Amino acid sequence: MNSPEITVQTAATLGLSAEEFDKIKEVLGRTPNFTELSIFSVMWSEHCSYKNSILQLKTLPKEGARVLAGAGEENAGLMDLGDGLAVAFKIESHNHPSAIEPYQGAATGVGGIHRDIFTMGARPVAALNSLRFGDLSLAKTQHLLKGVVKGIGDYGNAFGVPTVAGEVYFDPCYHTNPLVNAMSVGIAEVGKTTSAIATGDGNPIFIVGSATGTDGIHGATFASEDIGEDAEAKLPSVQVGDPFTEKLLLEATLEAIATGALVGVQDMGAAGITCSTSEMAAKGEAGMDIDLDKVPTRQENMESWEILLSESQERMLIVVKKGREQEILDIFDKWDLNCAEIGTVTAGGMLRYFRGGEVIAEVPAEPLVLGGGAPVYEREQKKPEYLKEIAKFDIKNIEEEEDHDEVISALLQLPSVASKNWVTEQYDSMVGTANMSTNAPSDAAILRIKGRDQALVMTTDCNSRYVYADPEQGCALAVAEAARNIVCSGGTPLGVTNCLNFGNPYNPEVYWQFAQAIKGMKTACEAFGTPVTGGNVSFYNQSETGPVYPTPTIGMVGVIEEATKGRMTMDFKDEGDVIFLLGELVEDIGSSEYVHHYHNVKHSPAPYLNLTAEKVLHTCLLEMIEAKCIKSAHDVSEGGLAVTLLECGFPRGLGCDVETILEMRIDAFLYGESGGRIVITCAEEQSDDVAAIAYKYKMPCLTLGTVTGDWLAIDGEDIGDVQDYKELYDNALAKHLS
């Protein structure tokens, strides 16, 4: 246990405060050695402990009739689908690694989130993502985008799980610190899942999968600090992924779980062996004796703390029922994977790590983990100064544009609005699945559950400009859009997973944004009956130029009980079909692409949202889908109604002839982004049925016009050919990346 003198300065170099160093000494009853201090430094980092966010997160709704495993209970959320099946889902960030090594940073983010799903005994069936980059005209942004997209595509395609949905936004605030959020969705049999737990004195502990190397060491600590000028020096903190090994690990793990020989399984993500051993032991109120000499390593002479903190990918920690070791050894041998017994479960709650037959670290498990003795903080909050500029916004000061062709052309070419085909074509969206979205586009991805008529509906959503303008309403808008996308696809929203990307929590303005966003999420999730089943908090997304926009990404999963009957797509179907706008009309251009980019007004309010009306809108639309009286549905979002109409027409080369209304500004009508609006179409003979259902729910239902050939007309004026607009839309991203 001998080591050089450990002081508060040593603690500071590992990211611990003086108060935390004192608390560690109090927990141990002595001064820690360097290995022990390293253990506390990663486990008490923001990334692992959630010390600055847990008090806020506890306010979110977590209960629901379908919830089988809620937030913080397991590696991912688990919700009941009925008839013996459940859906597991989770989203996490890999922002900092992707900022300095975009390919591996993104690839290992995909691998890590899939492991969270199959450690529970669920088979991953779909991947989604949410990405943010800086100015696309800059070489650095192009480098990051290309690397991230290739990393996601290469890993997911090789692993054999389809990437079915996502979003990509661009804003200068993400120049230094891009955001890479990865989501995985899996299917499990109810009652046949496993837990991340260690119990049973004497039960053997195995490390399985890849060998342990020096990549990823202190990755959790790196993710818990701002990105500075020395970011490149943190390159060793980026893990290296191997999707082929992960595929083998998936099959071996699911086979091992099916034997019933496992007590618990935990993915080795952030903080590696340290995190897996401490979390499993704490959950089971047990201890562990771990022999680090038995850990398969890739490099010789690795230090003890390096083995403990390594974040090498494609590794699991499993606890096996004593006497059934050979079954598990045979399975992992069959799949040509390491399976090394490295310790045993003990009573008493102490973690003891051995090297050369000697104890090199001895710490209690409980104080290391979230909900145990890890520190918990409520940070200072302050309303940001920039909100004063937003409060000054007056729509009357914005010149009303009437050259629709010019405005629409400009909006369609904005990187955040334009087609993301350049991105999505690098992803295999069909491998091993019954993906129903590819050839008939819908607002959310639709994945048929094999052997059933039931389908999963999935989406990721967040407009961070809305959240920047009003964190509470902006986050509620993100939840509302996710639910709206699920409903527009014919699904009923089930639950939410979130990835909360914010700046430094010690910045009072950032922490205010965070707290307000949590309020908005709580209110919206309660309104839609979508409990929060888990997720990830990613603080410290800022650089010398300041924090990124607050970006609380919402991952939502829904279900269509009868996919052959209840599925809905977004594309116009036939000339002559009637077009309706369902939902409230509000004279609002706040935070729209139109006002922000076309008029270059950077401070304006978040768009309008009425959660009560939005919920009624969803119920109304689902009844129309069930009644089979509509042919398409597409929500109004970025770019406003004009862009929505064109997006409906692009898949089949159809246009529309629409009329605006005199009671409001034409630019607000066409380009505003207020929430709670959906464009729907129906055959002319069913328009009365649509109107009757809308009337039943007292839902505004405005007749916009009709579907036409390949041209767009507004108020009788020919605005141009749909194909010309489509070429602008399709090529806007690619022209920067050729």
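Keep in mind that the numbers below use all heavy atoms, side chains included, and drop hydrogens, waters and symmetry copies. Source: prediction; values computed, not measured.
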Quick one: [atom1] on [X] to [atom2] on [Y], what's the gap to the nearest 0.5 Å?
| X | Y | atom1 | atom2 | value |
| --- | --- | --- | --- | --- |
| Asn203 | Ile318 | CG | CD1 | 11.5 Å |
| Ile328 | Phe206 | CD1 | CZ | 8.0 Å |
| Asn75 | Ile117 | CG | CD1 | 8.5 Å |
| Ser312 | Ile273 | OG | CD1 | 9.0 Å |
| Arg123 | Leu254 | CZ | CG | 5.0 Å |
| Ser53 | Glu46 | OG | CD | 4.5 Å |

Between [X] and [Y], what is the shortest heavy-atom contact and its length?
| X | Y | answer |
| --- | --- | --- |
| Met458 | Ala126 | SD-CB, 3.8 Å |
| Ser98 | Gly105 | OG-C, 3.3 Å |
| Met302 | Gly213 | CE-O, 3.5 Å |
| Leu78 | Ala88 | CD1-CB, 3.8 Å |
| Gly209 | Leu249 | CA-CD1, 4.1 Å |
| Met120 | Ile257 | C-CD1, 4.5 Å |

Decide if atom [atom1] of [X] counts as having more than 12 heavy atoms of other residues, nucleotides or ligands within a radius under 6.0 Å.
| X | atom1 | result |
| --- | --- | --- |
| Gln299 | CD | yes |
| Phe244 | CZ | no |
| Glu378 | CD | yes |

Any side-chain heavy atom of [X] within less than 4.5 Å of one from [Y]?
| X | Y | result |
| --- | --- | --- |
| Ser310 | Arg315 | yes |
| Val537 | Gln56 | no |
| Thr497 | Glu92 | no |
| Trp305 | Leu37 | no |
| Arg30 | Glu36 | yes |
| Pro364 | Glu366 | no |
| Thr274 | Met43 | yes |
| Asn181 | Asn95 | yes |

[X] side chain vs [Y] backbone, donor-acceptor pair below 3.5 Å:
| X | Y | result |
| --- | --- | --- |
| Thr533 | Val496 | yes |
| Asn157 | Gly153 | yes |
| Asn338 | Val208 | no |
| Glu189 | Gly84 | no |
| Lys321 | Gly260 | yes |
| Asn498 | Gly535 | no |
| Asp289 | Thr344 | no |
| Lys90 | Gly534 | no |
| Lys23 | Gly373 | yes |
| Tyr511 | Asn52 | yes |

Worksheet item: Which class fits the ring pair Phe539 and Phe514: parallel under 30°, tilted 30 to 60°, perpendicular over 60°?
Response: perpendicular
Worksheet item: In terms of the angle between their ring planes, are Phe159 and Tyr155 parallel, tilted or perpendicular, with boundaries placed at 30° and 60°?
Response: tilted
Response to the item:
From the list Thr460, Val185, Asp116, side-chain contact (heavy atoms from CB on, under 4.5 Å) with Ile91 holds only for Thr460
Fill in: From CA spacing to verdict: side chain to side chain contact (heavy atoms under 4.5 Å, CB included), Thr530, Met79
CA-CA 11 Å; Thr530 50; Met79 298 193 76; over 6 Å; no
Practice prompt. Please report the C-alpha distance between Thr212 and Met268 in whole Å, then the side-chain angles of each, then the deciding distance to 0.1 Å, and finally whether the side chain to side chain contact (heavy atoms under 4.5 Å, CB included) criterion is met.
Written response: CA-CA 11 Å; Thr212 297; Met268 285 191 186; 5.8 Å; no
Worksheet item: Quick one: do the Ser195 and Glu74 side chains pair a donor with an acceptor below 3.5 Å?
Response: yes
Practice prompt. Would you sort out whether Glu255 and Lys334 count as a salt bridge (Lys or Arg N to Asp or Glu O under 4.0 Å), showing the intermediate values?
Written response: CA-CA 11 Å; Glu255 187 174 336; Lys334 181 182 78 172; 2.9 Å; yes
Worksheet entry | Audit row: Lys247, Glu251, salt bridge (Lys or Arg N to Asp or Glu O under 4.0 Å) steps and yes/no | CA-CA 6 Å; Lys247 177 62 175 173; Glu251 300 300 339; 3.0 Å; yes
Worksheet item: Given the rule in the salt bridge (Lys or Arg N to Asp or Glu O under 4.0 Å) test, do Glu303 and Arg355 qualify, once you have shown the distances and angles that lead to the verdict?
Response: CA-CA 10 Å; Glu303 297 285 348; Arg355 195 80 187 273; 6.0 Å; no
Worksheet item: What's the verdict on side chain to side chain donor-acceptor pair (under 3.5 Å) for Asn536 and Ser93, showing C-alpha distance, side-chain angles and the deciding distance?
Response: CA-CA 7 Å; Asn536 170 229; Ser93 64; 2.7 Å; yes
Worksheet item: Run the side chain to side chain contact (heavy atoms under 4.5 Å, CB included) check on Leu308 and Val42 step by step: do they pass?
Response: CA-CA 10 Å; Leu308 281 168; Val42 292; over 6 Å; no
Worksheet item: Between His114 and Leu250, is a side chain to side chain contact (heavy atoms under 4.5 Å, CB included) present by the stated rule, with each step listed?
Response: CA-CA 9 Å; His114 282 317; Leu250 161 68; over 6 Å; no
